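To keep things clear, I will list the structure first and then write my remarks on it.
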Amino acid sequence: MTPQRARTLALGVLLAGFAVLPLLLGDYWIYTLTIGFYYAILAASWALLVGYVGRISFAQAAMAGLGGYASALGVQHLGLPPVLGLGLAVLVSGALGLAIGWLTLRLHGAYLGLTTIAFAEILRITATAEYGLTEGSRGLQVAPLLTGGSRTEYYYLLLGVTAGCLVLMGLLLRSRLGLFFQSIREDEDGAASLGVNVTLWKMVAFAISSAFAGLAGGLYGHFVQLITPSMMSLQEMGIVLAMAVIGGFHNVLFAALGGVALQVLLEALRELGEWRLVAFGLVTLLVLRLMPNGIFGAAVATIAARMRRNGGDE
């Protein structure tokens, strides 16, 4: 079996497995997995920016929160249907991502990371302070996306959207634009010398990554029917970062799987309280040290090596 066919078969089995899970689980775990799909899109969007372009950002959770607020306020004040509210979430988050990309063009490393933290905190504080618009820390009520929809219906909806986002990311990364992104990650000066418009594509990368995060936030708000400033906090960003790193942030699919798997694990360890976050931090450090490509990346590499050995033995 060729590697391409093996990947296609594995993806088909994975999607089929997620499709049958609601038949085996109760409402609580269906709800948990649905939230996991939100984190899957968010972790994959962060991996797209960091793993493929080499631009660090700690504002991804804030972009999701911005998308959630944009969709909710668009429905409440502009009379948009929820589907168009999601479109507004994508546009608003993407536009701010483009602006952040432009403002941070000349920044690298710690300076870039600190600047995105500042943007995230500005968004969170604004959402908390603008009580008349956002209801502050109490949270903004959000219209449901599916009127009278069950948790199972939302599960399949978010599963489908998550799969669609991953397909779009995969097509993008295999296109000419994806090659530009990876050339910037490897060597900005070398890419520029070969005619790549480094300035433009770094801004575009921020915009695309932020747009996916905004879509995730909009979906989350319409599912949970509540948006609060806490979803834009640095602690929330730390969870997203841990999910992407543990899953494997050099591959958007692995990062997405990390988002789902670790959301389930967070709920399973809920009785540990805040100690589960400490455990997450320790696991993240161990994965970075021992498995730079993440748990799923290491697993796939091991399986591929065994397949090659078995093929050689034949």
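Computed from a prediction, not measured in an experiment: that's the story for all the values here.
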Give the table of side-chain donor-acceptor pairs shorter than 3.5 Å for residues 95-115, with sequence neighbours excluded, one pair per line with atom names and distance.
{"residue": "Thr104", "atom": "OG1", "partner": "Ile100", "partner atom": "O", "Å": "2.7"}
{"residue": "Thr115", "atom": "OG1", "partner": "Tyr111", "partner atom": "O", "Å": "2.8"}

Side chain to side chain contact (heavy atoms under 4.5 Å, CB included) between Leu226 and Tyr220, intermediate numbers included: CA-CA 8 Å; Leu226 182 70; Tyr220 175 89; over 6 Å; no

Pairwise distance CG(Asp187) to OG(Ser193) - rounded to 0.5 angstrom: 7.5 Å

Could you tabulate the donor-acceptor pairs under 3.5 Å formed by side-chain atoms of residues 29-36, not counting sequence neighbours?
{"residue": "Thr32", "atom": "OG1", "partner": "Tyr28", "partner atom": "O", "Å": "3.0"}
{"residue": "Thr34", "atom": "OG1", "partner": "Ile30", "partner atom": "O", "Å": "2.7"}

Arg55 side chain near Val50 side chain, heavy-atom distance below 4.5 Å: no

Sub-4.5 Å side-chain heavy-atom contact between Val161 and Leu215: yes

Which atom of Met63 lies closest to which atom of Ala213, heavy atoms considered: CB-CB, 3.9 Å

Minimum side-chain heavy-atom gap Gln141-Ile227 below 4.5 Å: no

Leu21 reachable from Leu166 in the ILVMFWY side-chain graph, under 4.5 Å edges: yes

Path from Val224 to Val75 over hydrophobic side-chain contacts below 4.5 Å: no

Side chain to side chain, Leu282 and Thr284, heavy atoms closer than 4.5 Å: no

OG-CG distance between Ser209 and Leu42, expressed to the nearest 0.5 angstrom: 8.5 Å

From CA spacing to verdict: side chain to side chain contact (heavy atoms under 4.5 Å, CB included), Leu177, Ile208: CA-CA 12 Å; Leu177 180 57; Ile208 293 173; 4.1 Å; yes

Straight-line distance of Glu236 CD to Leu234 CG, nearest 0.5 Å: 10.5 Å

Nearest-0.5 Å distance, OG of residue Ser93 to CZ of residue Phe212: 12.5 Å

Backbone N/O of Gly170 and side chain of Arg174: donor-acceptor pair under 3.5 Å: yes

Candidate pair Trp46 and Met237, rule side chain to side chain contact (heavy atoms under 4.5 Å, CB included), full reasoning: CA-CA 10 Å; Trp46 188 81; Met237 183 62 229; 3.6 Å; yes

Aromatic ring pairing Phe18/Phe37, orientation class (parallel under 30°, perpendicular over 60°, tilted between): perpendicular

Atom pair CD (Gln76) and OG (Ser71), whose distance is rounded to the nearest 0.5 Å: 10.0 Å

Donor on one side chain, acceptor on other, Thr228 and Ser230, under 3.5 Å: yes

Distance-only check: which donor-acceptor pairs under 3.5 Å involve side-chain atoms of residues 243-250, not counting sequence neighbours?
none

Connected via hydrophobic side-chain network under 4.5 Å: Tyr69 and Leu133: yes

Side chain Thr134, main chain Glu130, donor-acceptor under 3.5 Å: yes

Side chain Thr116, main chain Phe58, donor-acceptor under 3.5 Å: yes

Cluster overlap Trp201 with Leu168, hydrophobic side-chain contacts below 4.5 Å: yes

Cluster link Leu200 to Leu172, ILVMFWY, side chain under 4.5 Å: yes

Distance-minimising heavy-atom pair for Leu262 and Ala242: CD1-O, 3.9 Å

Tyr156 side-chain N/O to Ala19 backbone N/O, donor-acceptor pair under 3.5 Å: yes

Side chain to side chain, Tyr155 and Asp27, heavy atoms closer than 4.5 Å: no

Residue pair Leu257 / Leu14, side-chain heavy-atom distance below 4.5 Å: yes

Sidechain-backbone polar pair: Glu153 side chain, Ser150 backbone, donor-acceptor under 3.5 Å: yes

Rounded distance [0.5 Å steps], CE in Met232 versus CD1 in Ile125: 10.5 Å

Shortest non-hydrogen separation from Ala40 to Thr162 and the atoms involved: CB-CG2, 4.0 Å

Ser45 side chain reached by Met169 side chain, heavy atoms, under 4.5 Å: yes

Audit row: Ser57, Phe206, side chain to side chain contact (heavy atoms under 4.5 Å, CB included) steps and yes/no: CA-CA 9 Å; Ser57 174; Phe206 264 101; 4.1 Å; yes

Ala89 to Gly214 - nearest heavy-atom pair and separation: CB-O, 3.6 Å

Closest non-hydrogen atom pair between Pro229 and Ser137, with its separation: CD-CA, 4.0 Å

Considering all heavy atoms, the nearest Ala261-Phe296 contact: CB-CZ, 4.4 Å

Side chain to side chain, Leu145 and Tyr154, heavy atoms closer than 4.5 Å: yes

